[in-house]
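Down below is the structure, laid out as structure tokens.
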Amino acid sequence: QVQLAESGGGLVQAGGSLRLSCAASGRTLSSYAMGWFRQAPGKEREFVVAISRSGITTYYANFVKGRFTISRDNTKNTVYLQMNSLKPEDTAVYYCGERLHSSASSYSHEYDYWGQGTQVTVSS
């Protein structure tokens with residue numbers, strides 16, 4: 001069974017950048033699609049971005065297009081989320097998920113494993 005661990009969150013001013021990492025242990029990530037979701041206080045978990053097993057296909061939520069970039073380094077068993085031009089409304093706990101399928105998905109219920117999350121706070 002895989003264990004996912006997010007890191008890289010923190011406090012940043014609006015307009016700043018952060019890079020989140022999602023490292024896997026227990027087995028390789030290279031066989032499956034991965035995704036990032038986020039949950040703000042009082043709100044449901046929402047889709048941010050996903051990447052296919054091959055890394056060729058990516059899906060982005062409209063509110064992050066042009067600002068966030070997902071990538072994966074299968075040699076390091078890690079998926080990254082580069083976040084630029086951060087806004088206060090990006091404040092949330094960010095979770096990475098693994099989907100036991102090769103294709104990316106924007107639906108959280110299609111993901112099988114989750115990390116514990118990392119807090120991102122963007123000040124105005």
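- Taking 4.5 Å as the limit, some side-chain heavy atom of Arg67 sits within range of a side-chain heavy atom of Lys87.
- Distance alone, capped at 3.5 Å, is enough to place a donor-acceptor pair between the Asp112 side chain and the Leu100 backbone.
- Within the 4.5 Å cutoff, no side-chain heavy atoms of Asn84 are placed close to those of Leu18.
- The closest side-chain heavy-atom distance from Trp114 to Arg45 is below 4.5 Å.
- Rounded to the nearest 0.5 Å, atoms SG (Cys22) and CD (Glu6) are 5.5 Å apart.
- Considering every non-hydrogen atom in both Ser17 and Ser85, the closest pair reads OG-N, 4.4 Å.
- Checked for salt-bridge contact, Glu98 and Arg27 meet the test: a charged N lies under 4.0 Å from a carboxylate O.
- Inspection of the Asp73 and Thr78 side chains reveals no N or O donor paired with an N or O acceptor under 3.5 Å.
- Atom OG of Ser25 is separated from atom CG of Leu4 by 7.5 Å, given to the nearest 0.5 angstrom.
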Exercise. Could you check Phe37 against Phe47 for ring-ring contact (aromatic ring centres under 6.0 Å, His included), going step by step and ending with a plain yes or no?
Key: CA-CA 5 Å; Phe37 291 73; Phe47 169 72; 5.5 Å; yes

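- Here the side chain of Ser52 pairs a donor or acceptor atom with the backbone of Thr57 at under 3.5 angstrom.
- Looking at Arg53 and Tyr32, their side chains never bring a donor and an acceptor atom within 3.5 Å of each other.
- At a cut-off of 3.5 Å, with distance as the only test, no side-chain donor of Gln82 or Thr69 sits close to an acceptor on the other residue.
- Atom CG of residue Asn77 and atom OG of residue Ser30 lie 7.0 Å apart, to the nearest 0.5 angstrom.
- Here the OG-CD1 distance, from Ser103 to Ile51, works out to 12.5 Å after rounding to the nearest 0.5 Å.
- Judged by distance alone, the side chain of Glu46 and the main-chain N or O of Gln39 form no donor-acceptor pair under 3.5 Å.
- Residues Tyr59 and Val49 are not in side-chain contact: their nearest non-hydrogen atoms beyond the backbone lie 4.5 Å or more apart.
- In this structure the side chain of Met34 never reaches within 4.5 angstrom of the side chain of Arg99, judged on heavy atoms.
- Leu20 CG to Arg38 CZ: the interatomic distance, rounded to the nearest 0.5 Å, is 11.0 Å.
- Taking the side chain as every heavy atom from C-beta outward, Met83 and Val120 approach each other to under 4.5 Å.
- A distance-only check finds a donor-acceptor pair linking the side chain of Thr118 to the backbone of Gly9 [under 3.5 Å].
- Of the possible donor and acceptor atoms, one in the side chain of Arg72 sits under 3.5 Å from a partner among the backbone N and O of Leu29.
- Of all the heavy atoms in Val93 and Gly117, the pair that sits closest is CG1-CA, 3.8 Å.
- Nearest heavy atom pair, residue Val122 against residue Asp90, reads CG2-CB, 4.3 Å.
- Contact annotation: the side chain of Phe63 never approaches that of Glu89 to less than 4.5 Å [non-hydrogen atoms, C-beta and beyond].
- Between Ala92 and Ala40, the closest heavy-atom pair is CB-N, 3.8 Å.
- When side chains are defined from C-beta on, Ile70 counts as touching Tyr60, because their heavy atoms get closer than 4.5 Å.
- When all heavy atoms of Tyr95 and Gly115 are compared, the closest pair comes out as CD2-O, 3.6 Å.
- Taking each heavy atom of Ala33 and Ser102 in turn, the nearest pair found is CB-O, 3.9 Å.
- Residue Gln116 qualifies as enclosed at atom CD: its count of foreign heavy atoms under 6.0 Å is above 12.
- A distance of 10.0 Å separates OH of Tyr94 from CH2 of Trp36, quoted to the nearest 0.5 Å.
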